[in-house]
Structures are given as C-alpha cells and as structure tokens.
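In the text below, chain A, chain B and the rest are named by the order of the sequence lines, each starting its count at 1.
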Protein chains: 2
Amino acid sequence: MSGMGANRVTAAGKVLQVLAVFDREHPSRTLSEIAQCTGLAVSTAHRVVAELASWGALERAEDGSWHVGLRLWEIASGCPRTQILRDAALPFMQDLYEATHENIQLAVREGTELVFVERIAGHRSVELLTMVGTRFPVASTGMGRVLLAHAPREFQEEVLAAPLRAWTPHTVTDPRTLRAQLDLIRREQVFVSDRQLSESTVAVAAPVRTGRAGPVGAALGIVVAARGAERARGLREPLLRAVHGISEELGRRARTAL
Amino acid sequence: MSGMGANRVTAAGKVLQVLAVFDREHPSRTLSEIAQCTGLAVSTAHRVVAELASWGALERAEDGSWHVGLRLWEIASGCPRTQILRDAALPFMQDLYEATHENIQLAVREGTELVFVERIAGHRSVELLTMVGTRFPVASTGMGRVLLAHAPREFQEEVLAAPLRAWTPHTVTDPRTLRAQLDLIRREQVFVSDRQLSESTVAVAAPVRTGRAGPVGAALGIVVAARGAERARGLREPLLRAVHGISEELGRRARTAL
DNA sequence: CGCACCCTTTCCGCCTGACGGAAACGCCCT
DNA sequence: AGGGCGTTTCCGTCAGGCGGAAAGGGTGCG
C-alpha cells in the first residue's frame, strides 16, 4: 500500500514535511514521532533525517531526539522578509523600549495570519504568550487588525467571513464591530486593542510602510499590562514616531538599493 | 555523463544544496544562479525550487529572483540552540544596551567558527560588519577567543595550528601571543579585544555558561568605537554581571525543564 | 522591425536511487 | 531472562527523479 497512491509527496516534499514537524510546541522530536507526523515509513524518515543531519539542518540531542540545527537557522535567518525589516526597525524599537520598558513587537502578515518577526522585552515587561516565529489569526490581535485594515479588500472579506475566535470575554468577534474597528484604524493610524488575546494585556499598534510604494507590510506594537491600561494613551505618540521613522528608513534603503 | 558519477547527491541533499546558496552576500538569486552554484541541471533546479516554493520555503520576488521564504524562517526560528539562548539573554542584553547604548552581541561556537545569534544596536551604536546569522573564524574576534579559551583542547589546537587571518594591522596572528591571550581569558573572564576585526572597533567579551553542567556555550560582547576605547574598561563590570545573570537564568531553565 | 541572446519553463524516455517491509540491534523496565 | 519499544541496517523492486532538448518569453541591439 505504502503512499496510498494520491499522496503526491515528492522527495523535496518529504524533506519539508520532516522540517515542518518542528514548531514552537515541538521544538524537539524523536524519529518515530517524525515518522508518525509525516506519515512516512520509519526507515524513510530515518534516512531523510540522517541526511538532513549530515548537512547540519537537523541536530541530535543527547537523548537521541532531533531538533532544528544551527545551519538551517543560519540560512533562514537571511530571509529578506524578516531581515530587512528587523534591520531597519531595531534601532527604533530600542528607543521605544527605552522610553517605555514594555514589550515592543514587530509582525508581518502572511495571508490571513500574523507572524511575529521580532520582539524586545526586558525584565520589567509583562510575560507574553506570543513568541517570535509564531502565527496568529490576523483578527485576533491589535497588530493583526492594523495589518488587516491596510490589507487588500479580498483578505479583509475573507477574514470577516470566517468565524472569529474569542480568546477572552473581551475579544471582538462580531464582524460588524470589527469592520468598524478597521475603519477607525485607517482613520487614526494608531489602534488600542483592549484584552483581545489575553485578559491581562492591552496593546497599542501602528502600521509600518515597507518599500517605496508605501504598502503596509508590517505592524509595530507595544504591549502593556491591562492594569496599567491608561499608559496606552501616552504611548500613541512615541509609537507613531517610531513607525514613521521605520517606514522612512525602509523607503530610503529600498531607493538606494535600486 | 550527468552528475559525473561520484557526486553522491541524494534528493534531500539537493534540497539543502539549493537552500545553501542563499547566504548573507546573496540573499536573493535567480534560477540559473542556483543551478550554477549547485551544479544541478537547470531543469532539476527549476523543479526543486518550484517544490520548495509551493511549500513556502522559498519565495519569489517581483523580478523573478528567489529568496528564503517566511515559512522556512518560521521553522528555523525555533532552533533551540539559538532560541533558548536568545530568550534567556535578551532581557540582560537590553539592560546592557540601556546602560551603554553600544552594540550588544551574542554568539555561539560551531566547530572552529563563531556564529552571531543576536544583536542589539541603536541609533547611537557604531556600524558593524557582523550580522546576525553570519560566521567568522573563532580566532578573529574577541567573542570568538572567549569561546575558544573555554572550548575543548582539540579545538584550540586545531585553530592554533591553522594560519590566522589578519583583518587589521592589529590582529593577533602569532599563535604564541594568541595562546597567552587564551590563558588570560581563562583567568580574567572578561576580555578586551582591540581592533582585531576592524580598525574602528574595540570589543569587550565574556563567556556565558549554558546548561547546568556549566559548559561555556556562548559569548556576550559589547562593541564600542575604537576612539572611545577607554570606555571599554568601565564595561567589564556590567558585562560580567550580565553574563552571570544569563548563565544563572539558563541554569534555572535547564533545571526546571527536567 | 526583426534578430539574437539569455533566462525560464515544459516535455519525455531512461535508469538510478529512493522506498518501505522486515529483520537485527540496543535499551529500559519488569 | 524476557518482553516491549525505538532505532538502525539491509535489500529487491520500481516509481519518480534526472537532465537533454526544445519551446516560450522578455529585452536590447543592430
């Protein structure tokens, strides 16, 4: 029986299937887990894993389990989508952090999801469940809604049409309310999102324009403890200055790169 | 003739060959470049690239060239070697940055090379040629020498045996001098490296102990402008406090993870 | 305007090297 | 010792990858 016919998994596909089993919940896996998750035969999984390891794309822990290797991290860390953005944004994020000592987050949109690209946090910042490299539905977070508000219509409709998940009792799940929020975001630029993802946090978010054409390709956000929510108001101005700075910097780089 | 026989490139190998052509000097490549660099036939390269792209591991720019995709970045960003370290170190790096406003760098050793894992830099910090995700010979940088000093003998001998590259007129290339430096590092912990990689920078570096056994698995460094070199002295204490904090944090996490 | 060059994409027949079942190995726990 | 589980090795079969070649597309030059 083997692949059951219509599986359509090519050799390259197998490699990626194997790599894809490593995520934030499972940074480390055993061979049989990998075989199980991918549906590959153990012997096949074994060979693929061994090959990847010989390349440094996977590494083996003392206990025999596997995890993503430094070599793959190196290659992927050059990903322009994140690298260019990070580079331009970091100094501004630093300034913001220094002024606020809160979590400063940078994210991009990928389809109808949000991917966190960079985060600055210090000892005094609140603990967050969002980690760099993780995805969330755009509609679920303040930063995501900012991205959504500036995304092509088609995406907005797609997201508004789908049922929205309620993470907390305060999460906006009504499409009409959300649509109104998107309008508000387009008018005011900065958006304050109150306990949408977690009961204990409030986020302030603003759009970053990437490239000279000026499309909104990223969002910058500050996350504060919900009990200090009044802080959020005062963060609008500095946040706005930061996103302008980043957008300008990105524009300058794009121009000189031509 | 095709692969010339002794090529020994398996399917998984081809995928990695293709991915490996993307580095910091070439974040973006055309199909024919990829074929050229890997030695694959264009048609083969085309198929592999297309498959990778269908998975989101590669993405295509408007001009038709290819680059590493967000999906691959996501997977690789979970790499434990960097992720765990980053997580524990960032708050301390933030504090250091705030106290100094200089470049704060975090690196690990991979064989006889140094890989930069994280960096904090603000508007006021000096420009550096070292980027996150890039490699340097361990002997070339202050952070690298700290890692080398605490590495197994075999690596030290291997590095000392090889000819050392001089990046600036001040770069130490004499094995005897270097050996003396390694001794000094083991005694003093903090090491000041004077214009070894670039004429215009001085670095202060210290070892980070990863895991409970206490092996030195990373190094933390501060890079300042060479003209402000006297600053370096004053940075030893705060740097030392930071690496102690990070080491302790890593130890705590390793313990609770068991 | 058309030709020439280069890069990309598609097609296809040959044959290699990937596939997975099975058996051997090693480890831990009982 | 024995059983159970996860890993590693082996090997015969055959699907799917391979690359040469030709078509397609875009750009710049004569």
Would you mind reading off the distance between A:R29 atom CZ and D:dG6 atom P, rounded to a whole angstrom?
14 Å
Residues forming a salt bridge (Lys or Arg N to Asp or Glu O under 4.0 Å) with A:R165, sequence neighbours excluded
none
Minimum heavy-atom distance between B:P137 and B:W167, given as atom pair plus value
CD-CZ2, 4.1 Å
Which residues pass the side-chain hydrogen bond (donor to acceptor under 3.5 Å, both in side chains) test with A:R135, not counting sequence neighbours?
A:E113, B:E74
Between A:E118 and B:R86, is there a side-chain N and carboxylate O pair less than 4.0 Å apart?
yes
Given atom CD of B:E62 and atom P of D:dG26, what is their separation to the nearest angstrom?
16 Å
Separation of C:dG26 atom P from A:L31 atom CG, nearest Å, is 17 Å
Counting distance only, does the side-chain N/O of B:R109 pair as donor-acceptor with the main-chain N or O of B:A151 below 3.5 Å?
no
Distance in angstrom units between B:L58 CG and C:dT8 P, rounded:
14 Å
Note the angle between the end axes of the helix from C:dC1-D:dG30 to C:dT30-D:dA1, five pairs defining each, rounded to 10 degrees.
40°
Under the criterion side-chain contact (heavy atoms from CB on, under 4.5 Å), which of B:V243, B:I185, B:V208, B:L220 is the partner of B:V146?
B:I185
Just to be sure I understand the geometry, which residues of residues 40-49 of chain B put a non-hydrogen atom under 4.0 Å away from DNA chain D?
B:A41, B:S43, B:T44, B:R47
Not counting sequence neighbours, which residues clear side-chain hydrogen bond (donor to acceptor under 3.5 Å, both in side chains) with A:R47? List them please.
none
Tell me the interatomic distance from B:I34, atom CD1, to C:dT8, atom C1', rounded to whole angstroms.
12 Å
Using the six-membered ring wherever Trp is involved, compare the ring planes of A:F92 and B:H123 and label them parallel, tilted or perpendicular (cut-offs 30° and 60°).
perpendicular
Would you mind telling me which residue lines up with the more 5' stretch of DNA chain D, A:K14 or A:E33, judged by nearest nucleotide?
A:E33
Set out, in order, the CA-CA distance, both residues' side-chain angles and the distance that settles side chain to side chain contact (heavy atoms under 4.5 Å, CB included) for B:V21 and B:H26, then state yes or no.
CA-CA 7 Å; B:V21 307; B:H26 312 273; over 6 Å; no
Is there any protein nitrogen or oxygen under 3.5 Å from a nitrogen or oxygen in nucleotides 13-15 of chain C, and what are the pairs?
none

Is there a side-chain polar atom (N or O) of B:R60 under 4.0 Å from OP1 or OP2 of C:dT8?
no
Criterion side chain to side chain contact (heavy atoms under 4.5 Å, CB included) on A:L58 and A:F22, from CA distance to verdict:
CA-CA 10 Å; A:L58 290 183; A:F22 297 95; 3.7 Å; yes
Short question: side chain of A:N103, backbone of A:V126 - any donor-acceptor pair under 3.5 Å?
yes
